[in-house]
Protein chains: 2
Amino acid sequence: MATQRGRNGKGIGKGIGKGIGKANPAEDEAVYQAILHALLEGKLKAGVKLAEPPLADIFGVSRERIRKVLHRLGAERRLEMIPNRGARVPRPTLDDVRRVYEAHRVLEAGVLTQLVRHVDDALIEKLTAHLAEERAAATRGDRAASVRLSGAFHVHLVEALGNAELTRFLADLLSRSSVMVSVYEPATDSICAVDEHGAIVEALRARDVARAIAVSREHFLHVESRLHLDDDPAPVSEDLTSVFATVKPKRRKR
Amino acid sequence: MATQRGRNGKGIGKGIGKGIGKANPAEDEAVYQAILHALLEGKLKAGVKLAEPPLADIFGVSRERIRKVLHRLGAERRLEMIPNRGARVPRPTLDDVRRVYEAHRVLEAGVLTQLVRHVDDALIEKLTAHLAEERAAATRGDRAASVRLSGAFHVHLVEALGNAELTRFLADLLSRSSVMVSVYEPATDSICAVDEHGAIVEALRARDVARAIAVSREHFLHVESRLHLDDDPAPVSEDLTSVFATVKPKRRKR
DNA sequence: CGCGCGAAAAATGTGCACATTTTTTGGAGG
DNA sequence: CCTCCAAAAAATGTGCACATTTTTCGCGCG
């Protein structure tokens, strides 16, 4: 009912419309990125239903296109797919959040253990520079940058190992926790205190594994302790149009 | 319900019987499991092309069904999907394999660090019992069981933490390495020496983190050292029918 | 014998027309 | 006012007919 497109019969006058059965992989990717971005940005609140027809209308693509993207996001566990009932933004429990933080904590312990074997001046320098960035963002009160840089610190640590599998796993955890903060937002100033990050770098510089792990562990426990259950079920604005207001649809219904 | 029935407008009514457009989620799952199983079992060799038409024929389902499963396996990075060129069993390089083993090693270091805090008699007992199983399999020369139990040991370790995220990540790594052994198979007797597993349990019992990690690390390095590049490109039998010989198709072409 | 190079064949990608749910709606009855 | 229930409406699931590649094949030329 939405983007009804003249699909000319068999062979008659097919010449005109450039794209009839055209393959456009970039379009899939654009829709995927748009939804994923809205998800990571926290614009799509937990529990929101993502129905196919409205999304197809918003993005100006066929429903099958949307369907494929939705299922892909479901396979990545970024959306909750229920048979015959569509896709929803997952509503993580407090235990889910704790589990993600714990996984990050355990992973980082392993990363630090391995990292002290390969730490060199260049790495320390890079991390120190990053700390300076974090401090700058904190002092100027740039909360968005603080949150971003705070996550980036841990990414730098795992990236220093140069192992794509580990990097991917961490990215997965971070992206999941970023969605969660929209539900259980700490609401305090900086998520990760810069000082705690600095202590990790210090321990690394000293090649002190035990201290690095201890500091990292305390750091995570500190963050976890700040989580609080916002027991407000929230009305969740079901208005998808406003969420994807930035997208430029090729054609909208109206 | 079934207000309308006549569906075969032009298509020759070949599929008369019962379900025409029925929803059967179990069927998707069956196909998915069958292909995944063949993949993990090593029956599907690296580099093999998984074309849709033959698979649809083998499993007796529509091509769309196959297509969906293939894309799902691609999203899970178990198959390599190339636009317009279909799905192939990935052909991991030696570096890929090393990366997976390293990731497992790093992860286990973190797991052990966390585990010594929660280790109790029940866990030690469970692991000891597992070691007995491994020894039994080794002494009676049951290679298949040895390989399986060897992987299970590490699963037990991470499961002891009770963190689904970590368990999933390990399962992911293990499943990937299991595919890889078909290319770079150690070909020696037991993949993981039981003694090395026993040493890990011993260190856990003593609550000695450093030793546990050191032993685990040596263990993995030992396994990694056995990897060898089988530079034989292998003719890879492209015969999918024999691979899925066990499946009972509802209808086969010829 | 190898090497293009076009045409045929096969395989992948996509919109659409339905079937099959699920959800909403609108009363009748308590 | 609330509950229950059947019918309508909406949303999801699936096969199919193509369009669009990609791959294979055949054949003439150097």
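Quick caveat: nothing in here was measured; it's all calculated off a predicted structure. Scope of the values below: all heavy atoms of this structure, side chains included, with no hydrogens, waters or symmetry mates.
- Nearest nucleotide to the side chain of Asn84(A), out of dA11(D), dG13(D), dG15(C): dG13(D).
- Atom CG in Asp28(A) sits roughly 10 Å away from atom P in dG13(C) (whole-Å rounding).
- Remark: the Tyr32(B) side chain and the Glu27(B) side chain contain no N/O donor-acceptor pair separated by less than 3.5 Å.
- Under the 3.5 Å distance criterion, with hydrogens and angles disregarded, no donor-acceptor pair is assigned to the side chains of Thr93(B) and Arg98(B).
- Within the 4.0 Å cut-off from OP1 or OP2 of dT14(D), not a single side-chain nitrogen or oxygen of Ser62(B) is found.
- In the interface, the side chain of Arg63(B) is paired with the base of dG13(C) through a donor and an acceptor atom under 3.5 Å apart.
- At the heavy-atom level, Glu52(B) lies under 4.0 Å from the strands shown only through sugar-phosphate atoms.
- Taking atom CZ of Arg67(B) as the reference point, atom C1' of dT21(D) lies 12 Å away to the nearest angstrom.
- Close to dT12(D), at under 4.0 Å from its OP1 or OP2, lies no side-chain N or O of Arg85(A).
- Taking the ring centroids of Phe220(A) and His154(A), they lie under the 6.0 Å cut-off.
- As rounded to whole Å, 11 Å separates atom C1' of dT14(C) from atom NE2 of His71(B).
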Go through it in stages, so that I can follow the logic: the residues are Arg176(B) and Asp172(B), the test is salt bridge (charged side-chain N to carboxylate O under 4.0 Å, His left out), and I'd like the CA-CA distance, side-chain angles, deciding distance and then a yes or no.
CA-CA 6 Å; Arg176(B) 193 154 294 131; Asp172(B) 195 47; 3.4 Å; yes
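- For dT14(C), the OP1/OP2 oxygens have a side-chain nitrogen or oxygen of Lys68(A) closer than 4.0 Å.
- Atom-to-atom, CE of Met81(B) to C1' of dA11(C) comes out at 12 Å; the value is rounded to the nearest Å.
- Following rounding to the nearest Å, Asp57(A) (CG) and dA10(D) (P) show an atom-to-atom distance of 14 Å.
- Atom CZ in Arg88(B) sits about 13 Å away from atom P in dA11(C), given to the nearest Å.
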